[in-house]
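In each ligand, atom 1 is the first atom listed, and ligand 1 is the first ligand listed. Each residue takes its place number in the sequence, starting with 1. What you see below is based on every heavy atom in this structure, not just the backbone, and it leaves out hydrogens, waters and symmetry mates.
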Amino acid sequence: MKILVAIKRVVDYAVKIRVKSDKSGVETLNVKMSMNPFCEIALEEALRIKQSGLASEVVAVSMGPSQCVDTLRTGLAMGADRGIHVESTAALYPLTVAKLLKALVDVEKPGVIILGKQAIDDDCNQTGQMVAGLLGWPQGTFASKVLLDTEKQVATVEREVDDGLETLCLDLPAVITTDLRLNQPRYATLPNIMKAKSKVIKKYTPQELNVEVKSDIEIVEVTEPPKRKAGVIVSSVDELIDKLRNEAHVI
Ligand code: AMP
């Protein structure tokens with residue numbers, strides 16, 4: 001069984017985000033970019049499934065500008081067998097990414113697709129659900145534990161919900177999206193970074209996959225959140241209660 005993993009190139013989680021002066025978006029020029037943390041977890045899970053003998057190949061897919069190849073090389077150095085780059089300089093919103101993934105599923109025929117639960121740049125949390133909908137496949141989102149049974153062709157997915165843990169049983173093929181607690185992604189070792197240089201990355205354009213890159217979403221303006229006002233230090237509980245009652249009017 002083949003596993004397809006979607007990995008997105010995003011602004012590194014440790015970078016302090018700056019809004020462009022024309023308010024058209026977030027500054028990405030000369031900014032450190034990395035693999036989306038939830039996608040690292042997705043790839044790690046696919047690699048563990050392959051190591052346990054339940055998958056034959058892990059294919060990493062990234063969509064976006066030419067620099068996505070760097071993200072794919074990181075994924076290949078972690079252990080993915082091959083990469084696919086869908087090159088587009090246009091902004092790719094979740095529905096377009098989901099359509100492109102569906103088109104790749106028709107070519108690659110994976111048994112499982114694993115995605116991050118969300119990309120930390122746009123925090124959309126939509127792509128996995130949309131691709132499952134387009135394919136008509138079952139979905140296990142926000143997975144904190146995944147068990148595959150390739151004989152019975154089912155995946156058991158544990159997910160953290162508000163009142164505890166929910167366990168889902170999905171018929172394969174299925175879509176899984178990963179939560180933080182699923183695993184701790186590995187670092188690429190130097191020999192694997194060297195090996196990754198010779199692994200194959202196949203390129204597609206959205207046109208070759210018969211997907212039109214268009215969006216019904218228009219970003220009107222991006223602004224910084226308002227600065228938080230300084231807090232007040234109170235000297236007693238009585239003073240706190242007084243302020244909550246008479247200044248904030250919340251009790
Ligand atoms: P989102 O719905 O944008 O929060 O993204 C959820 C997940 O979809 C990410 O963690 C990735 O696994 C996948 N994804 C979204 N955009 C891309 C992209 N441009 N390239 C590869 N994977 C993506």
Side-chain angles (χ1 to χ4, degrees), residues 3-13 17 25-26 28 33-47 49 58-76 78 80 82-105 107-108 110 112-135 137 139-144 146 157 159 174-183 185 201-206 209 211-217 219 222:
I3 305 180
L4 200 64
V5 186
I7 57 176
K8 187 174 187 187
R9 177 177 176 269
V10 296
V11 174
D12 187 88
Y13 73 93
I17 299 294
V26 163
T28 52
M33 307 291 281
S34 302
M35 191 189 303
N36 179 45
F38 291 103
C39 300
E40 287 185 64
I41 296 170
L43 182 53
E44 176 64 37
E45 196 60 22
L47 296 173
I49 293 170
V58 174
V59 183
V61 185
S62 196
M63 303 176 188
S66 57
Q67 296 92 325
C68 288
V69 168
D70 300 340
T71 310
L72 283 168
R73 288 275 169 228
T74 306
L76 296 173
M78 281 173 72
R82 315 191 259 119
I84 296 177
H85 178 208
V86 181
E87 189 160 16
S88 168
T89 48
L92 297 175
Y93 293 100
L95 185 56
T96 310
V97 175
K99 285 180 182 169
L100 290 166
L101 279 172
K102 180 182 183 293
L104 287 174
V105 166
V107 180
E108 294 287 339
V112 179
I113 313 176
I114 312 185
L115 305 91
K117 79 165 177 184
Q118 71 193 62
I120 61 164
D121 51 0
D122 53 21
D123 275 342
C124 279
N125 189 339
Q126 294 169 0
T127 311
Q129 295 86 332
M130 284 177 170
V131 75
L134 291 174
L135 288 163
W137 288 8
Q139 57 182 292
T141 53
F142 320 147
S144 56
V146 174
V157 172
R159 51 202 302 272
V175 175
I176 295 171
T177 76
T178 59
D179 212 338
L180 269 188
R181 262 183 278 270
L182 180 59
N183 62 47
I201 296 180
K202 187 167 170 50
K203 259 193 202 307
Y204 285 99
T205 60
L209 295 169
V211 175
E212 192 187 351
V213 177
K214 69 169 178 73
S215 175
D216 298 327
I217 300 169
I219 295 182
V222 177

Sidechain-backbone polar pair: [X] side chain, [Y] backbone, donor-acceptor under 3.5 Å:
| X | Y | value |
| --- | --- | --- |
| T177 | F142 | yes |
| D123 | Q118 | no |
| D179 | R181 | no |
| T96 | V213 | no |

**Request:** From atom 7 (C) of ligand 1, work out which of G116, C68, A60 has a heavy atom at the shortest distance.
**Result:**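 The option holding the nearest heavy atom is G116.
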**Complete:** Judged by heavy atoms only, the candidate from I120, T127, V86 nearest atom 2 (O) of ligand 1 is T127
**Request:** Carefully, step by step, assess V175 and I113 under the rule side-chain contact (heavy atoms from CB on, under 4.5 Å).
**Result:** CA-CA 5 Å; V175 175; I113 313 176; 4.2 Å; yes
Of all the atoms in ligand 1, which lie at a distance below 4.0 Å from a heavy atom belonging to [X]?
| X | answer |
| --- | --- |
| Q126 | 2 (O) |
| L115 | 8 (O), 12 (O), 13 (C) |
| A119 | 1 (P), 3 (O), 4 (O), 5 (O), 6 (C) |
| C124 | 1 (P), 2 (O), 3 (O), 4 (O) |
| I7 | 20 (N), 21 (C), 22 (N) |
| C39 | 9 (C), 10 (O), 11 (C), 12 (O) |
| N36 | 10 (O) |

**Prompt:** Can you find an N or O of V61 that's nearer than 3.5 Å to an N or O of ligand 1?
**Reply:** no
**Request:** Please say whether N125 places an N or O atom under 3.5 Å from an N or O atom belonging to ligand 1.
**Result:**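 For ligand 1, there is an N or O atom that lies under 3.5 Å from one belonging to N125.
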For [atom], the protein heavy atom that lies nearest, with its residue and separation:
| atom | value |
| --- | --- |
| atom 22 (N) of ligand 1 | A6 CB, 3.5 Å |
| atom 16 (N) of ligand 1 | K8 CD, 3.3 Å |
| atom 20 (N) of ligand 1 | M63 N, 3.1 Å |
| atom 3 (O) of ligand 1 | D122 OD1, 3.3 Å |
| atom 14 (N) of ligand 1 | V97 CG1, 4.1 Å |

**Request:** Grab the two heavy atoms, one from P206 and one from E87, that are nearest each other, plus how far apart they are.
**Result:**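 Minimum heavy-atom separation between P206 and E87: CD-O, 3.2 Å.
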**Asked** Where is the tightest heavy-atom contact between G64 and L92, given as atom of each residue plus distance?
**Response** N-CD1, 3.8 Å
**Request:** Answer whether the closest heavy-atom distance between the side chains of I120 and P37 falls below 4.5 Å.
**Result:** yes
**Request:** Enter the distance from I201:CD1 to H85:NE2 here, rounded to the nearest 0.5 Å.
**Result:**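 Going from the CD1 atom of I201 to the NE2 atom of H85 covers 8.5 Å.
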**Item:** R82/E108 salt bridge by N-O under 4.0 Å criterion
**Value:** yes
